[in-house]
Amino acid sequence: MSQTPISPEEDDLPEQLRIRREKRANLLARDIEPYPVSVPRTKSLTMIRQTYEGLAIDVATGDIESVSGRIIFKRDTGKLCFATLREGDGTTLQAMISLDKVGEDSLASWKSDIDLGDIVSVTGEIITSKRGELSILANDWTLASKALRPLPNEHKPMSEETRVRMRYVDLILRPEARSNARLRPAVMRSLRDTYHEREYLEVETPMLQVQPGGAAARPFKTYSNAYDMDLFLRIAPELFLKRCVVGGIERVFEINRNFRNEGADSSHSPEFAMIESYEAYGDWLTVAELTRALIQNSAMDVFGSHVVRHHDGRESDLGGTWKEISLFDAISEGVGEPVTAQTSMEDLKKFAVKLGIKIDPNWIKGKLAEEIFEHVTAGKLNEPTFVMGFPTDNAPLVRAHRTIPGVVEKWDLYVDGFELATGYSELIDPVIQRERLVEQGRLGAKGDVEAMSVDEDFLRAMEFGMPPMGGMGMGVDRLLMALTGLGIRETILFPLVKPEID
RNA sequence: GGGCCUCUAGCUCAGUCGGUAGAGCAACGGACUUUUAAUCCGUGGGUCGUCGGUUCGAUCCCGACGGGGCCCA
């Protein structure tokens, strides 16, 4: 990592930082405000571009406007200077500063006080240059904000680390960074539109929880001074959304952050956006259809097609109905022998060993079966595929499959080789639910840090009667990955990075 | 958790078979009234991630630590 100081001491600064601070001081000494409260601005660069689209070469419109933007190119010549201004969405406009319009002092100041990266306001006539470039020919200009750090070389890509650490610079320089930042809210809006069309109610449930639940994951632990008690950041909203359904909010969804205290890599972030929804009187097939609609509508709303083009040019077809495979069929094919929920732990271990899977002694049978599946099949599932029917013992919140013993009505959706979403026919029998959670508690006591615990208030809610329902969950970051092919850290504006200096 | 790669100027990167370093862009000084990564002339800028070790001498070799990346479980 570079050694650019985060909190620079005034002496011993790198040359370019020192020079820019001197320029700021010099402006102040001449009673020029480097950070004014406001600057003239009558139109955005986008509005100028729209208004004067198609203007011929070397035209003077007579229209006087004030515009502002960050200087991303600067070409100073003797008596006529050019700069390219850019505003937030990437729209640019050329500014021209000429001796005969602004005078000697102003031109000299432009050359010596203004740097690449500064934000300026320019007032003048909208013209096209002799080369046909739409421009504003300055009658006057003023500094809007002095940049004390130089912009990186625009023509060489910033390293991945610099992009993530200084996303603000990434956003200034890289069009993809700007479009990625705008993609997420567009997808969020599409997801909400789909839910609203189906008369779902959006709710917000607690992120600070007394007892984390709803998923198999390690939580972040924190502490409340006011209550003098440990609290946890939620790993899933599931148990609260189900409480909503008990209360009669029969179609409910939430889009918000979950936190899992686990490894971070190109598809896992410690905090990630998750969508979860529950539909009374639905089942796992109902929510599979919903999930497909959510994803396909997102693709259509954002890209205008179910075929999405990834950043590397690869196309991914999310259209049509999607393939469904059985989890145990996939495992059987992978190991070359029939495997069912009844296959013994000993046999599963033999298969796992043969495949070179490192077995965690805390794994129960269902977990081992899923690990084998992930090893032999998951990564190969590039086209959207529902993997149907999971082992009962590793899915404590899901109801039993109506025909297949030892299996629950749970699917995982795989796209591009990773798990994008999951859906259940939810378990609604409070007695069986209690048995399942008590069993989870036993696993937890034996050292399984991901095991769920018995949430008495959740069980009490169930005991008031929970309607039959289907539920689903989907990672929003992963949806963005499926739509764009990007890594998770590119879909998140400010992913967690370790500090540069300790 | 294990393995591999990587950290050099503001940015992106070369490089030194061990004798304290270079390019492009950026910066500084000068020339230029139509530039588009402007051009031309000149100049400066570095604790070579940190701390140890080996050595007459380490940015380079070795070790530990820290940051980043990739692969594996």
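Order of the sequence lines sets the chain letters (A, B, ...), proteins ahead of strands, with each chain counted from 1.
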I'd like to know if the side chain of [X] pairs up with that of [Y] as donor and acceptor (distance under 3.5 Å, no hydrogens or angles considered).
{"X": "A:Ser68", "Y": "A:Arg41", "result": "yes"}
{"X": "A:Tyr52", "Y": "A:Asp63", "result": "yes"}
{"X": "A:Glu65", "Y": "A:Thr123", "result": "no"}

Rounded distance in Å between the [atom1] positions of [N] and [M]:
{"N": "B:U59", "M": "B:U47", "atom1": "C1'", "answer": "10 Å"}
{"N": "B:U8", "M": "B:C28", "atom1": "C1'", "answer": "23 Å"}
{"N": "B:A31", "M": "B:G24", "atom1": "P", "answer": "23 Å"}
{"N": "B:G19", "M": "B:C62", "atom1": "P", "answer": "15 Å"}
{"N": "B:C5", "M": "B:G46", "atom1": "P", "answer": "32 Å"}
{"N": "B:C56", "M": "B:G66", "atom1": "C1'", "answer": "31 Å"}
{"N": "B:C25", "M": "B:A9", "atom1": "C1'", "answer": "12 Å"}
{"N": "B:G18", "M": "B:C60", "atom1": "C1'", "answer": "6 Å"}

Which part of the nucleic acid, if any, lies within reach of [X] when heavy atoms closer than 4.0 Å are counted: base, sugar-phosphate only, or nothing?
{"X": "A:Ile357", "value": "sugar-phosphate"}
{"X": "A:Asp360", "value": "nothing"}
{"X": "A:Arg489", "value": "sugar-phosphate"}
{"X": "A:Lys23", "value": "sugar-phosphate"}
{"X": "A:Asp58", "value": "nothing"}

> Which class fits the ring pair A:Phe73 and A:His155: parallel under 30°, tilted 30 to 60°, perpendicular over 60°?
Replying inline: parallel

Candidate nucleotides [options], ranked by approach to the side chain of [X] - the nearest:
{"X": "A:Thr77", "options": "B:U36, B:G68, B:U33", "answer": "B:U33"}
{"X": "A:Lys79", "options": "B:C11, B:G67, B:C32", "answer": "B:C32"}
{"X": "A:Asn153", "options": "B:A26, B:G24, B:A27", "answer": "B:G24"}
{"X": "A:His155", "options": "B:A26, B:C25, B:A38", "answer": "B:C25"}
{"X": "A:Arg165", "options": "B:U12, B:G68, B:G10", "answer": "B:G68"}
{"X": "A:His375", "options": "B:G68, B:A38, B:A73", "answer": "B:A73"}
{"X": "A:Leu80", "options": "B:C28, B:A37, B:U33", "answer": "B:U33"}
{"X": "A:Phe73", "options": "B:G45, B:A38, B:U34", "answer": "B:A38"}
{"X": "A:Ser159", "options": "B:G67, B:A26, B:U12", "answer": "B:U12"}
{"X": "A:Met96", "options": "B:C11, B:C28, B:U34", "answer": "B:U34"}

>> Both A:Lys498 and A:Ile359 contact RNA chain B. Which one's nearest nucleotide lies toward the 5' end?
In response: A:Lys498

> When you match A:Glu133 and A:Val497 each to their closest nucleotide on RNA chain B, which lands nearer the 5' end?
Replying inline: A:Glu133

[N] pairs with, by Watson-Crick or G-U criteria that keep both distances under 3.5 Å:
{"N": "B:C70", "result": "B:G3"}
{"N": "B:U36", "result": "none"}
{"N": "B:G46", "result": "none"}
{"N": "B:G63", "result": "B:C51"}
{"N": "B:A14", "result": "none"}

>> Taking only side-chain N and O atoms of A:Thr162, does any of them lie within less than 4.0 angstrom of OP1 or OP2 on B:U12?
In response: yes

Please report the distance, rounded to the nearest Å, between [atom1] in [X] and [atom2] in [N].
{"X": "A:Arg21", "N": "B:C28", "atom1": "CZ", "atom2": "P", "answer": "15 Å"}
{"X": "A:Leu151", "N": "B:U12", "atom1": "CG", "atom2": "P", "answer": "13 Å"}
{"X": "A:Arg20", "N": "B:C11", "atom1": "CZ", "atom2": "C1'", "answer": "12 Å"}
{"X": "A:Arg163", "N": "B:C11", "atom1": "CZ", "atom2": "P", "answer": "15 Å"}
{"X": "A:Arg174", "N": "B:U12", "atom1": "CZ", "atom2": "P", "answer": "13 Å"}
{"X": "A:Ile71", "N": "B:A37", "atom1": "CD1", "atom2": "C1'", "answer": "16 Å"}
{"X": "A:Leu93", "N": "B:U36", "atom1": "CG", "atom2": "P", "answer": "17 Å"}
{"X": "A:Leu116", "N": "B:C25", "atom1": "CG", "atom2": "C1'", "answer": "10 Å"}

> How about A:Arg49: does its CZ atom have over 12 heavy atoms from other parts shown lying under 6.0 Å from it?
Replying inline: yes

>> Base of B:A37, side chain of A:Glu154 - is there a donor-acceptor contact under 3.5 Å?
In response: no

> Does a distance-only test, which skips hydrogens and angles, find a donor-acceptor pair under 3.5 Å between the side chain of A:Gln16 and the base of B:G10?
Replying inline: yes

>> Is the positively charged end of A:Lys410 above the ring of A:Phe390, judged by distance under 6.0 angstrom from the centroid and angle within 45° of the axis?
In response: yes

>> I'd like to know whether the aromatic ring centres of A:Tyr223 and A:Phe232 sit less than 6.0 Å apart in this structure.
In response: no

>> Please report whether the ring centroid of A:Trp284 lies less than 6.0 Å from that of A:Tyr424.
In response: no

>> Could you work out, with ring-ring contact (aromatic ring centres under 6.0 Å, His included) as the rule, every residue matching A:Phe328, not counting sequence neighbours?
In response: none

